[in-house]
There are 2 protein chains.
Amino acid sequence: MDPRQLAVLRELGDRGSVTAVAAALFVTPSAVSQQLAALQRSTPVPLTERRGRTLVLTDAGRALAAAAADVATALARAERAVDEHLTDPRGTVRVAAFHSAAATLFPRLLQAGGDAVLELADQDVEQARFPALTADHDIVIAHRPDHSPPWPASTSVTPLLHEPLDVALPVGHPLAARADLSVADVADQPWIAVQSGYPLLGSLEAIAAAAGRPARIRHRINDFTVAAAVVAAGGGIALMPRYTAPVRPDVVLRPLRDLHVARRVDALVRPERALRSSVISTLGVVRDIARRLTDAADTAVTA
Amino acid sequence: MDPRQLAVLRELGDRGSVTAVAAALFVTPSAVSQQLAALQRSTPVPLTERRGRTLVLTDAGRALAAAAADVATALARAERAVDEHLTDPRGTVRVAAFHSAAATLFPRLLQAGGDAVLELADQDVEQARFPALTADHDIVIAHRPDHSPPWPASTSVTPLLHEPLDVALPVGHPLAARADLSVADVADQPWIAVQSGYPLLGSLEAIAAAAGRPARIRHRINDFTVAAAVVAAGGGIALMPRYTAPVRPDVVLRPLRDLHVARRVDALVRPERALRSSVISTLGVVRDIARRLTDAADTAVTA
DNA sequence: AACGTCCTTTTAGTATCACTTCATGGACCC
DNA sequence: GGGTCCATGAAGTGATACTAAAAGGACGTT
């Protein structure tokens, strides 16, 4: 069953003559006649009959023409299917974020609502593997240290946070009494670092480089909540992001005075996914949440 | 939007690789790849993406594939549309009959029921125009005198009645006292005939030919009910069909002894219409009604 | 690290098919 | 009985979907 032949048949039902159909479809009457003949070849009963000098549909022809209308509408819907997928504000948006960002952003994202249906996932992976996550998630919230190689050009990047990394100390620690710290202060401290390949490691290496000697890495803990607990227990000091670190009464953050260490938190989206309006709006919500997060923290510091 | 391309896309969603799709559709992977490329050309967003060494659908591709399923079902329905039209027992059947047959058959046909939806119409036309009525009616109940040219071969003919034509006389008429009549008895009577071209005229001409002299035609009345009333009023005698003539207490029918005049009542159906099961079953009902009509009349005569 | 396998894509060539043009055959109207 | 309109057939042309063959990547193995 060829949709074009069906369309010709339907048109014949509406217009009542081969010539009129030909005019409507911008072809010659001969073409229409041949299409009808081809359609007839695949049908055991006559679909058309001559009425005077014009050609009209038989009952069977009308039955088939009615089915042809359904075919045409289904095709039209297919034509629009991609566009509707792009513009549907209630579409499903899959968001992935590394642990600490997930802990901070996901609750606020769910509260902010929006029309999109959200599928959230936490994904803590090595820095190089963040872009690959965009295969399975519409929005990937990733992080990397300042001065590390930028995300590949194949992904669309939306900056969310530019977050200083402070030194986390237990409240009783001698350095905790100071307002800020220098590289020399922390260079020889026992450190709690992250697993090899994970983003914050680069920042710690920058500190070691500035100090001129390797850092004394005691533990390797990726999860900030766990790391903070180990800091509180006196297991060492650690780098922690200023805005998204877990808040504990027995751990304080102190900025580094003489070395700029910070990380960037970005939303990675494949360019084609960024065409979906539900993705765009969700991305906007995430960006707003991040902005408020920065503002609130800066206000608190200033106050 | 080409349904074949859509089918390939859908198949890719189900099977997950170009090679599998090619195997399912009995073509080479190259053909599949080219069809997908062609479909992609008409779409602004990627429909497929490489996952490892196979090709999978993107979200947009899945959206389009879902629409493609609807297209496929619509096409399948179109494929079956004609067949369903043929086999639907509840289809509409349009029946036309000349006046006297309509008066006799239509009430019985409606009572007999059947699943078909009936559209009844009375059509009294000249003999030659009965076949043309099959253009507008599925079943045309027509009549013609014996020995008249048969119906054209393009129509399928179902004999319903072979009905003798008797002479209708008013009860007080001298000839009404006899059990049967001869041509000589009636040749010189004043006749009530039908309009020129209508079937029963041929039978009256046969009587005139047998008598060797033209009939004395006083009136020309097509409707038997009207003709019977005129006979009763003494306006003349008339030929009337034995089974379907209107019954009046003041009119009697007497057979002709020495000349066989009769008419055939047939159901005319176009061969392609005779494929519809609703038409077939209705035709069967009509034939049964006609058979019972003949049996009942013959029994009454014998008794 | 190199190789082989599997999958996809590209290129070139071929066959099919829908179209146009031109010509023919009915049907209707004066 | 021409003249007109309509539908259809034959021949030729262009687009296109296919196959075959080769090339390019990704993965697993040795």
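- The CG-C1' distance, from Leu39(A) to dA7(D), rounds to 17 Å in whole Å.
- A salt bridge links Asp138(A) to Arg276(A): at least one charged side-chain nitrogen sits closer than 4.0 Å to a carboxylate oxygen.
- A salt bridge is defined here as a Lys NZ or Arg NE, NH1 or NH2 lying under 4.0 Å from an Asp or Glu carboxylate O, and Arg51(A) with Asp136(B) meets this definition.
- Taking Asp59(B) as the reference, Arg94(A), Arg62(B) meet the side-chain hydrogen bond (donor to acceptor under 3.5 Å, both in side chains) condition, with sequence neighbours excluded.
- The outermost nucleotides of DNA chain C lying under 4.0 Å from heavy atoms of chain B, listed 5' to 3', are dT5(C) to dT11(C).
- The CZ atom of Arg15(A) sits 19 Å away from the C1' atom of dC5(D) (whole-angstrom rounding).
- Checked against the 6.0 Å centroid threshold, Phe98(B) and His143(B) count as a close aromatic pair.
- Of the charged side-chain nitrogens involved, none lies within less than 4.0 Å of a carboxylate oxygen, so that Arg10(B) and Asp70(B) do not count as a salt-bridged pair.
- Residues Arg77(A) and Glu79(A) are not paired through a salt bridge, judged by the lack of any N-O separation under 4.0 Å between the basic side chain and the carboxylate.
- The side chain of Thr19(A) places an N or O atom within less than 4.0 Å of a non-bridging phosphate oxygen (OP1 or OP2) of dA7(D).
- Remark: His85(A) pairs with no residue by the ring-ring contact (aromatic ring centres under 6.0 Å, His included) rule, at least two apart or across chains.
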For this session: Using a 4.0 Å heavy-atom cut-off, write out nucleotides 16-30 of chain D from 5' to 3' as B (base contacted by protein), S (sugar-phosphate only) or - (no contact).
Result: -SBBB-----BB---
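- Between the side chains of Ser148(A) and Gln127(A), at least one donor-acceptor pair of N or O atoms lies under 3.5 Å.
- Of the charged side-chain nitrogens involved, none lies within less than 4.0 Å of a carboxylate oxygen, so that Asp146(A) and Arg263(A) do not count as a salt-bridged pair.
- Rounded to 10°, the helix from dA1(C)-dT30(D) to dC30(C)-dG1(D) has 20° between the axis fitted to its first five pairs and the one fitted to its last five.
- Within the structure, the salt bridge (Lys or Arg N to Asp or Glu O under 4.0 Å) test picks out the following pairs touching residues 12-41 of chain B (sequence neighbours left out): Glu11(B)-Arg15(B).
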